[in-house]
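Presented below is the structure to which this report refers.
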Amino acid sequence: MGVNMNIGEAIMRSKGNWPSDDRELIINIQKDEVDEEEAARLKAIDDKMAAKNYQPTTREIWFIGWTNHNGTKKNGIFQSKSTSAPDKARLQEVYEAIQHGEIPVGVDNMQKFTKAHAMRLYKVLKEKRKHAIIKNIIENMPDNYHLITDFKAFSTFLGMVRQEEEFAIDTETTGLDYFNDEIVGLSFTLPTFDYHCYIPVRHTEGKQLLPEYVFSKLKPILENPDQKKIFFNAKFDVHMLIREDIWCQNVWFDGYVAMKLLSDLEDSYSLKNLATKFGKHFGFEDRSIPYEELFGNGGFQDAQFITSDGRRGIAVYYTCKDTALTYAFYKYFVMKQFERLPKLKKLYFDIERPITEVSVEMEQNGFRIDMEFAATYGRKLTHQIDRLERVLTEVFNGININSNQQLSEELFDRLKLDKHFPDKWKRSVDAKTLKKLSQYHRGVKLLLKYRELSKLYNTYVLPMPEKTVNGYLHGQFLQVQTATGRFASKGPNLQNLPQIARKLIISSPGMVIMGADYSQIEPRVLAHFTQDESMIGAYVAGRDLYIELAMKVFNLEEKYCLDKAYDPTKTFQPRKAIKAVLLGIMYGMGSQSLAGNLGMTNEEAVKIIDDFYKAFPKIRSWMDERILFAEKNEYIETMFGRKRRFIGFKATAKRYHAVTKKVMDILGHLPDFIWHEDYKYLVPYDIKREYWDMSKEYTFTTRRVINTIIQGSAADIMKLAMVETAKICREKDYKMIATIHDEVLFEVPEDISEAAVNELVQAMLSVVSLRTPMKCDVAFQHRWSEEISQEEWFKGVAA
DNA sequence: CGGCTGGGCCAC
DNA sequence: AAACGTGGCCCAGCCG
C-alpha cells in the first residue's frame, strides 16, 4: 500500500494536480505497471554495478541520484534536504556555470562529484569571476585615475592640489581603531583638474614613497585653513591623520553627516549604497561598484596597487573611485539638495559641520582613569561578587543566576513566589518585581545585590581601564546617531556612566574637571514654544518653576508648594507632583504611569494632568497644533530646522480619527481601556480591535512628535554651545571632554579665574535668545561626581 | 563562531 | 490585550 501510494503521489505531482481522495491513487495506478517500472530500474542498477568505473550523468549527479558498484545509493545534489537556502542558490550557480562551460567539473572521475565538491567549486567560481571583474576594471580604468609612487608624480600632484579651493580626500588603513591602526594610503580628487590619485605608503608589496616624506608634504596642505576638505565620514580620516601629526583644518563637508540631515530614514548610509540609490542624480549611473568583496578579509595594505605587468592595480581604481564619488556626492547631490532646503543647509553649516571637529577633539582628549583606584575597586567587587555567586547558586539550586529565563522558572514555577501577587501573570524578574518579592525569599535580596555589583563590575569597572590608551579612556561621540539630534556615545558610552563609576575618572595633572549644565533646558524650551505667560513669567522672575506651577495648578499658597512640603491634607507633595507631571508631559506620560510614580490613584493623576492643562491651556493648544502639522506633513522640525520624518502618520491619523469617531458615536466618550468589561457587548470586536491598534500607533507617534521638538531643540542649543565653547577651548588650551545631553564637561587649569569660567558660561547662554532666560550651573571636580560648586571652588581658591 | 534579539539597566 | 521620550552595553539564547 505504502509503495503504491508513494509512486502514485510522485506521478500525480509530476502531472501538476493532486487528487482529493486517496482512493483515486489506488484506482489510477495499476499494480503491474508499477512492477514493470521497478523491474526496469533494478535492472539498470545491476548494469551500472557491473561497471566499477561507471560515470554518473549530470542528471543523476544533480537531480535524481545514482547507485555505485557497492550498491550504495547516492542522492542527487539538489535532492539533499539538509541544504540551506543560500547554499542551494550557490549550488545552482555552480550547476549553471558548468553547463555554460564557465568552469570545468574539476574531477577526473564523475563519481567524485559530490555536494562538498560542488561547494568547493563555488569558491573557484567566485574567484574566477573576481579575477574577471578585476581584469575588466584594470583594462578600462579611466585615464584620470593616477597612481603615485615616485617623486615626480607626487610633486606634480602637489603642484595641482595647492591650487585647489576644495578637494576630496580619503584614507585607507589597516583597520578601524584610530588609536592603534595606521594609514596605508591616501586618495584625492582634485575637481578643477579632473584628477584622481592614489598614494600608497604602507602597502606590504610594491615600490612606494616613504610615509614620513608623503605626510610631511601633505601636512601644510591639510592644515591650510583656506582649502576646503571634502570627506565621507570625516571623523575617521581626521583621527587617522592625527596619528601622522596632521591636524586637518577646514573640514568643510562630510557626506555621511549631511545625508543624515537630508534624509533620516535611509536603510543604509554607506557611500556605496547611497551611490547605488542616488547615483543617477550626480552622474554615477550604470556603474557597478564592486568594492570590498574584491579585497576579501585581508587588510587594505595587501591590496594590489600595481600589477605584475606594471599597470595600475585594483587598489587605484577602488580608492580613486571613492574620492571621485565623495566629491560628486557633495557637489552635485547634497549641495543641490541644500539649495532646495535652505534650513537644512544652515543647520549643517552652522551646527553639524563645526561640531564634527569638536567631536574629534573630545574623542582625542578622553577621560583620565585612576588605574590604581580601578584595580583596587575591581578586586573588592570581584571578591563580593564571587561570594554572592556561590551563595546564590546554592540557594537557587544551581541555576545560572545570570539567566532571566532560568531565574523566572526558579522563582515562579518551583518556588511559586508569584502566589504573593494578585496579578499572577507577571513573571518578570526586573528589579522592581524582585524588590517586592524579596520579603518572601532570602535569596532575592542577595540576588539584587549581586545584580547591582555585577552590572557595575562587568559594564564599568572591568572594561574601563582595559580600554585606556596611555591612561586615557576614549569613547566615540556620534553626532547624527539619534532621532532627535542629541549626541550618542559608544565604545564605551560615556553618557550613561552611573555616579559610582564616575569615580574612576579623575582630572589630568594641573587641571580640574568643570561641568557646565543647562538648568531645566527642556521645560524652558517648552515654555518658549508654547509662549505660556505663566511659565515664562516664572523663569523671567528667576523663581522656582515647579513652585510656581504647583501654586497655580493646585491653587495653593506658596508654603505648601516648597520643596518637600505637603499639601494641607498631607496626602501629597505638590512640588514633587508637578515636576513629575511636567516631565511626564514632555515624554507623553499617561495617567497610570504618573499615578504609579507618585503613589496615588489613577483618578487623582487624571485630575492633576487635567488641572495642569487647564492652568496652562497654551501648552495643550501648542501640542495639538504640532501634532496636526505632523499628521499633515509627516515630519516635524526642531528650533533649528532639524527634521524627523514620520512616514505613514497621515494614514495612521486618518484611521485613528475615523475609529475614534465610531467609538464616540457608540459610547458618547472615549474609554481609557477599550477591553474593559463595561464595553464587552456595547462595542463590536472589530471596532475595539481597530481602536486599540490605532490608539497605540497614533499615541506612540504623537509622543515622539512632541518629544522630538523639545528634546531636539535642546540638543540644537547644546550643539551650538559646544561649537562656541570649543572656540574658547582652542584659544586657551582648555579641553572639552564630553557632552551629556544638557551638560558639557571641560578640563580647565586649576588656577582658572572666575572671569574665565564666566566667559564659558556666557558663551553657552548667548547662543540662542529664547522667550525664557537660560540658566547654566557650573561645578568643579578632581574626581568626577565629587562636585564642588562654583561658589565653593572660588572661595577655596581665594583662601 | 558571529550576528541577532529580548530582557534588564545605566544615563539625561 | 497597555501604560514615558532618546540612547548603549551586558548577558543568555537562538540561528545559520
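Chain A is the first sequence line, chain B the second, and so forth, proteins listed ahead of strands; every chain is numbered from 1.
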Distance test, side-chain N/O of A:Q406 to OP1/OP2 of C:dG13, below 4.0 Å: yes

Under 4.0 angstrom between A:N458 side-chain N/O and C:dC11 OP1 or OP2: yes

Per [X] side chain, nearest of listed nucleotides [options]:
X      : options               : result
A:T482 : B:dG8, C:dG8, C:dT6   : C:dT6
A:Q499 : B:dC10, B:dC12, C:dT6 : B:dC12
A:D430 : C:dG5, C:dG13, B:dG8  : B:dG8
A:P498 : B:dC10, C:dA12, C:dT6 : B:dC10
A:R689 : C:dG8, C:dG5, C:dA1   : C:dA1
A:A488 : B:dC9, C:dG7, C:dG5   : C:dG7
A:F673 : C:dC10, C:dA2, C:dG13 : C:dA2
A:N496 : C:dG13, B:dA11, C:dG5 : B:dA11
A:W692 : B:dG8, C:dA2, C:dT6   : C:dA2
A:H741 : B:dG8, B:dC12, C:dA3  : B:dC12

Whole angstrom value for the distance that separates [atom2] of [N] from [atom1] of [X]:
X      : N      : atom1 : atom2 : value
A:E452 : B:dG8  : CD    : C1'   : 14 Å
A:Y450 : B:dC9  : OH    : C1'   : 15 Å
A:I674 : C:dA1  : CD1   : C1'   : 12 Å
A:R451 : C:dA12 : CZ    : C1'   : 12 Å
A:N404 : B:dC9  : CG    : P     : 8 Å

Polar contact flag, side-chain donor to acceptor under 3.5 angstrom, A:S408-A:Q405: no

Interatomic distance, A:L265 atom CG to A:K260 atom NZ [nearest 0.5 angstrom]: 9.5 Å

Inter-residue atom distance A:N493.CG - A:L497.CG, 0.5 Å rounding: 7.0 Å

Exceeds 12 heavy-atom contacts within 6.0 angstrom, atom CZ of A:R783: yes

Distance-only donor-acceptor test, A:K455 side-chain atoms vs B:dC9 base atoms, 3.5 Å: yes

Sugar-phosphate only, base, or nothing, as touched by A:F487 at under 4.0 Å among non-hydrogen atoms: nothing

